[in-house]
Enquirer: 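Sharing a structure here in structure tokens format.
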2 protein chains.
Amino acid sequence: MDIAVVRRFRRSLRRLERLLEAILRDETCCHGVSVAQCHALMGMDELERPSLGGLAVHMGLDKSTLSRTVDGLVKAGLVLREQGGVDRRKTLLLLTENGKALCQRIHTDNDALFVKVLEGVEVASDQVISVFEGLVESLSRQGRSAAQGSKGCGAGAGKMGPGAIAGDSHD
Amino acid sequence: MDIAVVRRFRRSLRRLERLLEAILRDETCCHGVSVAQCHALMGMDELERPSLGGLAVHMGLDKSTLSRTVDGLVKAGLVLREQGGVDRRKTLLLLTENGKALCQRIHTDNDALFVKVLEGVEVASDQVISVFEGLVESLSRQGRSAAQGSKGCGAGAGKMGPGAIAGDSHD
DNA sequence: ATGCAACAGTTGCAAACACCAACTGATGGG
DNA sequence: CCCATCAGTTGGTGTTTGCAACTGTTGCAT
């Protein structure tokens, strides 16, 4: 494979990283909640009454990190911790009415933004998305052996080859 | 445009964000320098003896942030601050021999990783890259027009740094 | 030349986010 | 009954970031 092509790709990826970073940093961004909180909200929206640990795995975060993030959401009245199930260790997370409403608003806004983004690409949107999904999928596979090796980072699987790939990616 | 398609895209984007976050966090990642430092190194490799401010704009970072990041690189003997040009306010940044060598290593490793990633996608690599570049480009445009007014987006001049963008995207 | 606005960079300060380690309480096998 | 294990919380720490304030430089206009 042509190295120049790879370099182009990596450069674009760096650019995307910075763009996302900048976009995320905007305060109007999440209608009052922080970025991490917003992500957690989206995660809860995707899963069905997840446990804290389950959501942490889903999001690739440490449970302690998520625990604190959820604290904020609970304080803001957007999320409830539901205890007292069969297993009293578990807390299930669920959105309050306000939480659901906020999710809706966030979705609406972001859908609008990304419709524009997708329309701004010359290629047909479904194609763009297919390629993008394929890319993320592949990165996920490759990245697993590269990054996940170092420590038990959430999802048990891990297996970890001895740091073989040392992939920075953040280059 | 079909909303379901947009949602799929957004979900993939969230996933990518988490993946990058996780990969970047790997300590073997940057051969001893931090992620931000590594990015700065790459930026200096792309530009020709940039000033601190110039690199900050290029990277979409506040000059203060970059100043501190560069501090670390200078301490590590990877970068030199070159003063005393025509304009004595400016400091030009340049890589030392060690810095250049590190850049090389980082490039080599990452090229290897992303060759694998690209090979793992079913579509031809040049196509993947074209689509990806188009996407990043479009996001950059949309992001820019979206807000621009909200805050001083770092490097004053505005001119087009990937600075302030109002949309969430971090959803 | 002098005075002043704009610029380049540094430093002080605070916030967000992440991880690991240590801890508490609940579960369940031996 | 005891102890390893699991779920979640809390304490501590590090990185990364931005804004505000400050120093020194430059250049323009008076």
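Just so we're on the same page: letters track the sequence lines, and every chain starts at 1. No hydrogens, no waters, no symmetry mates; every other heavy atom, side chains included, goes into these values.
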Enquirer: More 5' along DNA chain C: B:Leu66 or A:Thr65, using each one's nearest nucleotide?
Expert: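 With B:Leu66 and A:Thr65 compared, the 5'-side residue is B:Leu66.
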Enquirer: Would you mind reporting whether B:Leu16 and A:Glu17 have side-chain heavy atoms less than 4.5 Å apart?
Expert: no
Enquirer: Atom CD of A:Glu82 to atom P of D:dG8: distance rounded to whole Å?
Expert: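 One finds 13 Å between P of D:dG8 and CD of A:Glu82, rounded.
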Enquirer: What's the closest nucleotide to the A:Arg89 side chain, out of C:dG9, D:dC6, D:dG8?
Expert: D:dC6
Enquirer: Figure out the CZ/P separation between A:Arg18 and D:dG18, and round it to whole Å.
Expert: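 Rounded to whole Å, this separation is 12 Å.
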Enquirer: Answer yes if B:Val115 and A:Leu139 sit in the same cluster of Ile, Leu, Val, Met, Phe, Trp and Tyr residues linked by side chain heavy atoms under 4.5 Å apart, and no otherwise.
Expert: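 Same hydrophobic cluster.
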Enquirer: With a non-hydrogen cut-off below 4.0 angstrom, is B:Arg81 in contact with a base, only sugar-phosphate, or nothing?
Expert: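 Sugar-phosphate only.
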Enquirer: Measure from the side chain of B:Ser34, starting at C-beta and using heavy atoms only, and say which of D:dT10, D:dT15, D:dT26 lies closest.
Expert: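 Closest nucleotide among those given: D:dT15.
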Enquirer: Considering only D:dC19, D:dT10, C:dA18, which nucleotide approaches the side chain of A:Ser67 most closely?
Expert: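 Shortest atom-to-atom distance from the side chain points to D:dT10.
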Enquirer: Separation of B:Leu73 atom CG from C:dG9 atom C1', in whole Å?
Expert: 16 Å
Enquirer: Take the protein atom CG of B:Leu41 and the nucleotide atom P of D:dT16, then report the distance between them rounded to whole Å.
Expert: 13 Å
Enquirer: Of the listed nucleotides (C:dC20, C:dG9, D:dC19), which one gets closest to any side-chain atom of B:Lys90?
Expert: C:dG9
Enquirer: Between P on D:dT17 and CG on B:Leu55, what's the gap in Å once rounded to a whole number?
Expert: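 Spelled out: CG on B:Leu55 to P on D:dT17 is 12 Å.
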Enquirer: For the atom pair CG (B:Leu118) and CG (B:Leu113), what is the distance rounded to the nearest 0.5 Å?
Expert: 9.5 Å
Enquirer: A:Arg68 CZ to C:dC20 C1': how many Å, rounded?
Expert: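 Whole-Å distance recorded here is 11 Å.
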Enquirer: Assign each of B:Ser64 and B:Arg88 to its nearest nucleotide of DNA chain D by heavy atoms, then name whichever residue's nucleotide is nearer the 5' end.
Expert: B:Ser64
Enquirer: CD of A:Gln83 versus C1' of D:dA7: gap in Å, rounded?
Expert: 10 Å
Enquirer: What nucleic acid atoms does B:Thr91 come within less than 4.0 Å of, heavy atoms only: base, sugar-phosphate, or nothing?
Expert: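 Sugar-phosphate only.
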Enquirer: Kindly calculate the angle separating the two end axes of the helix from C:dA1-D:dT30 to C:dG30-D:dC1, each obtained from five base pairs, and round it to 10 degrees.
Expert: 0°
Enquirer: Under 4.0 Å, counting only non-hydrogen atoms across every strand here, what does A:Val86 touch: a base, just sugar-phosphate, or nothing?
Expert: sugar-phosphate
Enquirer: The side chain of A:Ala36 lies closest to which of these nucleotides: C:dC7, C:dC19, C:dC17?
Expert: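 The nucleotide sitting nearest to the side chain is C:dC17.
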Enquirer: With under 30° as parallel and over 60° as perpendicular, where do the rings of B:Phe132 and A:Phe132 fit, or are they tilted in between?
Expert: parallel
Enquirer: Expressed as a whole number of angstroms, how long is the span from A:Asp62:CG to D:dG14:P?
Expert: 17 Å
Enquirer: Between A:Ser64 and A:Asp62, does a side chain to side chain donor-acceptor pair (under 3.5 Å) hold up when you go through it step by step?
Expert: CA-CA 5 Å; A:Ser64 66; A:Asp62 190 89; 2.6 Å; yes
Enquirer: Judged by each residue's nearest nucleotide on DNA chain C, which is more toward the 5′ side, A:Asp87 or A:Lys63?
Expert: A:Lys63
Enquirer: Output side-chain donor-acceptor pairs under 3.5 Å for residues 42-60 of chain A, partner residues at least two apart or in another chain, one line each.
Expert:
from	atom 1	to	atom 2	distance (Å)
A:Asp45	OD2	A:His107	NE2	2.9
A:Glu46	OE1	A:His58	NE2	3.0
A:Glu46	OE2	B:Arg14	NE	3.2
A:Glu46	OE2	B:Arg14	NH2	2.6
A:Arg49	NH2	A:Glu82	OE1	2.5
A:Ser51	OG	A:Gly54	N	3.0

Enquirer: If you assign A:Glu21 and A:Leu92 each to the DNA chain D nucleotide with the nearest heavy atom, which residue ends up on the more 5' nucleotide?
Expert: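 Final value for this comparison: A:Leu92.
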Enquirer: If you take all heavy atoms of A:His31 and A:Ile106, which pair is closest and at what distance?
Expert: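 Of all heavy-atom pairs spanning A:His31 and A:Ile106, the closest is ND1-CG1, 3.9 Å.
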Enquirer: A:Val33 and A:Leu102: which non-hydrogen atoms are nearest, and at how many Å?
Expert: CG1-CD2, 3.8 Å
